[in-house]
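One-based numbering along the sequence shown. Below, each value reflects all heavy atoms present in this structure, side chains not excepted, and no hydrogens, waters or symmetry copies.
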Amino acid sequence: MIEESHGERETIAFAREMGKRAQPGEIYLLDGDLGVGKTVFTKGFAEGLGIREPVTSPTFTLIQEYEEGRIPFYHFDVYRIADVEEMYDLGYEEYLFGEGVCLIEWASRIREILPEHCVRITIEKDLEQGFDYRKITVG
């Protein structure tokens with residue numbers, strides 16, 4: 001599926017709908033260049049789960065946990081991960097194979113430890129379409 005967004009509101013609305021349909025045990029892999037809107041997407045996704053607290057990118061902590069929604073939400077940002085071994089230190093398996101839903105930014109950096117049944121999301125800019133344009137591919 002491909003969704004075209006022409007601004008932050010549209011990206012949030014699309015992600016919110018995905019969050020509303022998310023089920024326990026699902027894993028979403030979110031990739032795209034720096035500044036493409038991964039955290040904006042994540043905010044909308046969290047809204048769809050019923051999370052009201054501010055959502056920030058866990059760039060330095062690697063994971064942010066949100067328990068207030070209809071199901072637990074685990075937001076990973078593995079951009080700064082130096083070695084996949086760091087994921088073992090976090091106890092990543094408890095998150096990925098637990099009762100919550102996981103969204104992992106920069107997931108391509110840890111591809112070798114991810115299960116095959118993940119939902120892959122890629123966000124891309126196309127400046128020819130405008131500064132705020134984003135192509136969101138879900139597959």
Side-chain angles (χ1 to χ4, degrees):
M1 168 196 336
I2 295 177
E3 178 74 17
E4 293 183 290
S5 170
H6 298 279
E8 197 170 293
R9 284 187 193 174
E10 290 180 18
T11 299
I12 287 173
F14 176 70
R16 184 183 307 119
E17 290 306 311
M18 287 189 72
K20 285 179 181 178
R21 293 188 306 270
Q23 298 297 311
E26 290 183 332
I27 303 166
Y28 294 81
L29 310 179
L30 184 57
D31 281 300
D33 292 336
L34 282 170
V36 80
K38 292 182 297 296
T39 301
V40 169
F41 182 94
T42 303
K43 288 177 183 182
F45 192 90
E47 284 180 19
L49 291 169
I51 295 167
R52 293 186 188 102
E53 67 183 278
V55 172
T56 58
S57 186
T59 301
F60 295 100
T61 58
L62 297 181
I63 185 167
Q64 188 74 276
E65 298 180 37
Y66 301 92
E67 300 287 338
E68 74 171 337
R70 62 181 176 83
I71 53 178
F73 177 47
Y74 308 118
H75 176 203
F76 290 82
D77 182 333
V78 296
Y79 179 75
R80 296 194 183 281
I81 196 166
D83 188 302
V84 77
E85 292 295 320
E86 289 180 56
M87 294 300 290
Y88 292 100
D89 295 341
L90 278 177
Y92 83 95
E93 291 172 318
E94 290 180 36
Y95 297 104
L96 267 57
F97 304 108
E99 294 301 312
V101 62
C102 295
L103 188 144
I104 306 170
E105 293 187 38
W106 299 98
S108 59
R109 295 179 180 258
I110 59 168
R111 184 167 292 142
E112 63 266 25
I113 63 170
L114 296 172
E116 290 185 27
H117 67 276
C118 301
V119 177
R120 299 182 191 289
I121 303 165
T122 304
I123 305 176
E124 300 171 278
K125 289 182 183 181
D126 182 349
L127 294 177
E128 290 181 16
Q129 299 285 335
F131 182 77
D132 292 326
Y133 175 86
R134 300 295 187 267
K135 180 173 118 179
I136 305 169
T137 305
V138 180

Between OG1 of Thr42 and CG of Asp77, what distance do you get to the nearest 0.5 Å?
8.5 Å
Quick one: hydrophobic cluster around Ile2, which other residues, with the 4.5 Å side-chain cut-off, linked directly or via members?
none
CD/Glu85 to CD1/Ile113 distance, rounded to the nearest 0.5 angstrom?
9.0 Å
How about Asp132 and Glu8: do any of their side-chain heavy atoms sit closer than 4.5 Å?
no
Do the side chains of Thr56 and Thr39 get nearer than 4.5 Å, heavy atoms only?
no
Interatomic spacing from OG in Ser5 to CD in Glu10 - rounded to 0.5 Å
5.0 Å
Taking atom types as modelled and ignoring hydrogens, do the side chains of Glu105 and His75 form a donor-acceptor contact shorter than 3.5 angstrom?
yes
List, by chain and number, the other hydrophobic cluster members for Tyr28, where Ile, Leu, Val, Met, Phe, Trp and Tyr join if side-chain heavy atoms come within less than 4.5 Å, directly or indirectly.
Met1, Phe14, Met18, Leu30, Val36, Phe41, Phe45, Leu49, Ile51, Val55, Tyr66, Ile71, Phe73, Val101, Leu103, Val119, Ile121, Ile123, Ile136, Val138
Glu26 and Arg21: which non-hydrogen atoms are nearest, and at how many Å?
OE1-O, 4.3 Å
Is it true that a side-chain atom of Glu17 and a backbone atom of Ala13 form a donor plus acceptor pair closer than 3.5 Å?
no
Would Tyr95 and Phe76 satisfy ring pair (Phe, Tyr, Trp, His ring centres under 6.0 Å), going step by step from the backbone distance to the final call?
CA-CA 10 Å; Tyr95 297 104; Phe76 290 82; 5.6 Å; yes
Would the number of heavy atoms belonging to other residues, nucleotides or ligands and lying under 6.0 Å from CZ of Arg9 be above 12?
no
Flag side-chain contact, heavy atom, 4.5 Å: Lys125 against Arg134
yes
Gly50 backbone acceptor or donor facing Lys20 side chain under 3.5 Å
no
Please give me the minimum heavy-atom distance between Leu96 and Ile27, naming the atom from each residue.
O-CD1, 3.6 Å
Could you grab the distance from atom CD of Glu99 to atom CD of Gln23, nearest 0.5 Å is fine?
11.5 Å
Nearest heavy atoms of Ala107 and Leu29, plus distance in Å
CB-CB, 3.5 Å
What I want to find out is whether Glu4 reaches Lys135 closely enough, with some N-O distance under 4.0 Å, to be called a salt bridge.
no
Nearest 0.5 angstrom please: Gln64 CD to Glu53 CD, how far?
7.0 Å
Show the nearest heavy-atom pair for residues Leu127 and Phe131, with the distance to one decimal.
CD2-CA, 4.2 Å
Ignoring hydrogens and angles, tell me if any N or O in the side chain of Glu3 forms a donor-acceptor pair with the backbone of Thr137 under 3.5 Å.
no
Where do Tyr133 and Glu128 land on the side chain to side chain contact (heavy atoms under 4.5 Å, CB included) test, with the steps shown first?
CA-CA 9 Å; Tyr133 175 86; Glu128 290 181 16; over 6 Å; no
Single-linkage hydrophobic cluster Leu34~Ile110, side-chain heavy atoms < 4.5 angstrom
yes
Ser108 side, atom OG; Tyr79 side, atom OH - distance, nearest 0.5 Å:
11.0 Å
